[in-house]
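Hydrogens, waters and symmetry mates play no part in the numbers below; they use all other heavy atoms, side chains included. Count residues from 1 along the sequence.
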Amino acid sequence: MSEQRKLYVRSFGCQMNVYDAQRMTDTLAREGYVETDSPDDADLVILNTCHIREKAAEKVYSELGRLRKAQEEAGRQQMVAVAGCVAQAEGAEIIKRARAVDLVVGPQSYHKLPELLAEAEARRSGKAGARAKLVETEFPVEDKFDFLAPPTREAIGKRGPTAFVTVQEGCDKFCTFCVVPYTRGAEVSRPLAKILDEVIRLADGGVREITLIGQNVNAYHGLDAAGRPANLAELVRRVADVPGIARVRYTTSHPRDMDEELIAAHRDMPALMPYLHLPVQSGSNRILAAMNRKHDRELFFEIVARVREARPDIAFSSDFIVGFPGESDEDFADTMDLVERVGFASAFSFKYSPRPGTPAAGMEGQLPEDVKSARIYALQALLDRQKAAFDEACRGRRFDILLEKPGRFPGQLIGRSPYLQSVVVEAPREAIGTLARVEVREVSTKSLSGDILGGEFFAGRPIGETRFIGQSEKLEA
């Protein structure tokens, strides 16, 4: 594949899929593929899928139908690959339901894409020995990260000053509602040195904020240079020490793995943002046990209290599932009580949907849709009120904002607060990739807006100092 071809990747679901999509793009760039923003002019379309929610899987099949129709109307052929967790869980079903698909590849086999695509092209051209349809959903012995191509400096610059870095994959918790252990496998952590090499490369390309991601990120136990397991607190410290990295985040966490060192990191590391996504799923101990969450509400309250003591300005977000099999009115009331007692800056709530192959799918007490809908409406209304109250409390506060991209109108830039809120300011385009001290003056349902104090920006967070540079000077990306 030496000639230039166009590649379109669409990701569904979590941040790990965004990261995986970028690594697939980087790997295929070596094969002559360049990104395009539209599937209509792509030679290769990859749908990078999520299997956590029922509707997410159905969206994939809907998109495959649209692609097939577009191909027929245009009278052209294009390669179509389905990747990710739906591919892992439903490989044979995808081939059966979607004739437009040439290749199905699970999340642990992305590094094989070049050779798999070559095989798919051989099949199309009728070469002898080519497999009829390609489904690659094994869990290979080799580490895919050793084979995936790193991004070029140009690619890093185009993606902006924030980046995800996968540090851990898989999960050993086996929550009864979750497919992750089956689609991503057991917990595996990348070696600390390899993560730091990737972070250094990203920082050199202009990235200023790193989000460390994993299905159960605070269970990270990658080996250090001496062959000893390092925990997430150690990894955060080492990443924060990389020159140019101003901010560090991590997601998604499990309450059982919030140890004392990680809590202390929130106290001791200014670069670790005061915003913690800590999924609880339910406020009922009975439902938490049925979910096999391995924690109760009392432990969650204890963790919240300990983290707030360590970092008083911290804000929490979480995930909730309503309508889990057997959930009573009293169980749901316990969830509402937990939300009231903790107070969340943001949260995601979902109606329970059975995932094939999970224990919860076969449980008795599956609830009717109208009950789940009423509960999700009540919970989300409460969460929305809490978010609005948190945002309003930010009016008049001063934050360091990482400026990420142009705003809706000329002369505007959009950045992120320490709490992941979108913040709109007036600033020159050259300021993208810098931090600015901003006073929040307006609050809306979608964003904050404010004024840059003193018209100054600072690039990165050099070790031991904060170096300010004025608007008239050259801004370092």
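- Arg375 contributes no side-chain N or O that, together with a main-chain N or O of Val322, makes up a donor-acceptor pair within less than 3.5 Å.
- More than 12 heavy atoms of other residues, nucleotides or ligands shown are found within 6.0 angstrom of CG on Asp370.
- Pairing each heavy atom of Cys394 with each of Leu448, the nearest pair is CB-CD1, 4.3 Å.
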For the pair Tyr61 and Ile94, evaluate side chain to side chain contact (heavy atoms under 4.5 Å, CB included) and give the outcome as yes or no after the intermediate values. CA-CA 8 Å; Tyr61 288 111; Ile94 292 169; 3.5 Å; yes
Check step by step if side chain to side chain contact (heavy atoms under 4.5 Å, CB included) holds for Arg395 and Glu442. CA-CA 7 Å; Arg395 190 190 298 270; Glu442 297 292 340; 3.9 Å; yes
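- Of the possible donor and acceptor atoms, one in the side chain of Arg153 sits under 3.5 Å from a partner among the backbone N and O of Asp204.
- Atoms CG and CD, from Leu403 and Gln412 in turn, are 12.0 Å apart once rounded to the nearest 0.5 Å.
- Arg293 places a side-chain heavy atom less than 4.5 Å from the side chain of Pro279.
- Here the shortest heavy-atom pairing between Ser253 and Leu276 reads OG-CD1, 4.2 Å.
- Two residues are said to be in side-chain contact when any heavy atoms from C-beta on lie closer than 4.5 Å; Asn285 and Glu298 meet this criterion.
- Here Arg201 does not pair with Glu198 in a salt bridge; the nearest charged N to carboxylate O distance is not below 4.0 Å.
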Evaluate the ring pair (Phe, Tyr, Trp, His ring centres under 6.0 Å) criterion for residues His266 and Tyr250: first the C-alpha distance (whole Å), next the side-chain angles of each, then the deciding distance (0.1 Å), finally the verdict. CA-CA 11 Å; His266 282 278; Tyr250 63 89; 5.6 Å; yes
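- A distance-only check finds a donor-acceptor pair linking the side chain of Arg297 to the backbone of Gly283 [under 3.5 Å].
- Atoms CD1 and CD, from Ile263 and Glu261 in turn, are 11.0 Å apart once rounded to the nearest 0.5 Å.
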Kindly determine whether Gln215 and Glu169 satisfy side chain to side chain contact (heavy atoms under 4.5 Å, CB included), including the steps that lead there. CA-CA 6 Å; Gln215 268 86 28; Glu169 287 192 297; 3.9 Å; yes
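- Note that the CG atom of Asp26 and the CZ atom of Arg159 stand 4.0 Å from one another [nearest 0.5 Å].
- The CD atom of Glu404 sits 10.5 Å away from the CG atom of Leu413 when rounded to the nearest 0.5 Å.
- The two atoms that bring Ser349 and Leu383 nearest to each other are CB-CD1, 4.1 Å, heavy atoms only.
- Closest heavy-atom contact between Ile213 and Tyr19: CD1-CB, 3.8 Å.
- When side chains are defined from C-beta on, Phe177 does not count as touching Thr358, because their heavy atoms never get closer than 4.5 Å.
- For residues 405-449, the ring-ring contact (aromatic ring centres under 6.0 Å, His included) pairs, not counting sequence neighbours, are Phe390-Tyr419, Phe399-Tyr419.
- No more than 12 heavy atoms of other residues, nucleotides or ligands lie within 6.0 Å of OH in Tyr377, so this atom counts as exposed by the packing criterion.
- Rounding to the nearest 0.5 Å gives a distance of 9.0 Å between CE of Met291 and CE of Met363.
- Remark: the backbone N or O of Asn216 is paired with a side-chain donor or acceptor of Gln168 at under 3.5 angstrom.
- Side-chain contact between Met269 and Val248 is absent, with no heavy-atom pair separated by less than 4.5 Å.
- Side chain to side chain, Lys446 and Ser422 fail the donor-acceptor criterion of an N or O pair below 3.5 Å.
- Under the 4.0 Å criterion applied to side-chain N and carboxylate O atoms, Arg397 and Asp313 are not assigned as salt-bridge partners.
- With hydrogens and angles ignored, the 3.5 Å screen pairs a side-chain donor or acceptor of His221 with a backbone N or O of Ala219.
- Under a cut-off of 6.0 angstrom, the local environment of CD in Glu154 is sparse, with at most 12 non-hydrogen atoms contributed by other residues, nucleotides or ligands.
- Between the side chain of Asn48 and the backbone N or O of Asn17 there is at least one donor-acceptor pair closer than 3.5 Å.
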Just distance, no hydrogens or angles: give the donor-acceptor pairs under 3.5 Å from side chains in residues 302-309, sequence neighbours left out.
{"unit_1": "Glu302", "atom_1": "OE2", "unit_2": "Arg306", "atom_2": "NH1", "d": "3.2"}
{"unit_1": "Arg306", "atom_1": "NE", "unit_2": "Glu260", "atom_2": "OE2", "d": "3.0"}
{"unit_1": "Arg306", "atom_1": "NH2", "unit_2": "Glu260", "atom_2": "OE2", "d": "2.5"}
{"unit_1": "Arg308", "atom_1": "NH1", "unit_2": "Val342", "atom_2": "O", "d": "3.2"}
{"unit_1": "Arg308", "atom_1": "NH2", "unit_2": "Val342", "atom_2": "O", "d": "2.9"}
{"unit_1": "Arg308", "atom_1": "NH2", "unit_2": "Gly343", "atom_2": "O", "d": "3.4"}

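- Looking only at side-chain heavy atoms (C-beta outward), Leu235 and Leu212 come within less than 4.5 Å of each other.
- Geometrically, Arg23 does not engage Tyr110 in a cation-pi contact defined by less than 6.0 Å to the ring centre and at most 45° from the axis.
- Between the side chain of Arg249 and the backbone N or O of Pro418, at least one donor-acceptor pair lies under 3.5 Å.
- At least one donor-acceptor pair under 3.5 Å links the side chain of Ser318 to the backbone N or O of Val280.
- Judged purely by atom type and a 3.5 angstrom limit, Asn292 uses its side chain to pair as donor or acceptor with the backbone of Lys173.
- For Arg441, the CZ atom sits in a packed shell: over 12 heavy atoms of surrounding residues, nucleotides or ligands are nearer than 6.0 Å.
- In this structure, the side chains of Leu67 and Leu47 come closer than 4.5 Å at one or more pairs of heavy atoms.
- In this structure the side chain of Val217 reaches within 4.5 angstrom of the side chain of Leu232, judged on heavy atoms.
- The 12-atom threshold is not exceeded at NZ of Lys405, counting heavy atoms of other residues, nucleotides or ligands nearer than 6.0 Å.
- Salt bridge present: Arg237 and Asp241 bring a charged side-chain N and a carboxylate O closer than 4.0 Å.
- Residues Arg190 and Val165 form a side-chain contact, since some pair of their non-hydrogen atoms from C-beta on lies under 4.5 Å apart.
- Closest approach of Thr335 and Ser282 over heavy atoms only: OG1-OG, 3.5 Å.
- To the nearest 0.5 Å, atom CG of residue Asp40 and atom CZ of residue Arg66 are 5.5 Å apart.
- Aromatic ring orientation, Phe320 versus Phe344: perpendicular (interplanar angle above 60°, classes split at 30° and 60°).
- One N or O on the side chain of Lys372 and one on the backbone of Tyr352 form a donor-acceptor pair closer than 3.5 Å.
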CA sep, side-chain torsions, deciding dist, call: Arg286, Ser328, side chain to side chain contact (heavy atoms under 4.5 Å, CB included): CA-CA 10 Å; Arg286 191 176 73 85; Ser328 66; 4.2 Å; yes
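- For Ala427 against Ile452, the heavy-atom pair with the smallest separation is CB-CD1, 3.8 Å.
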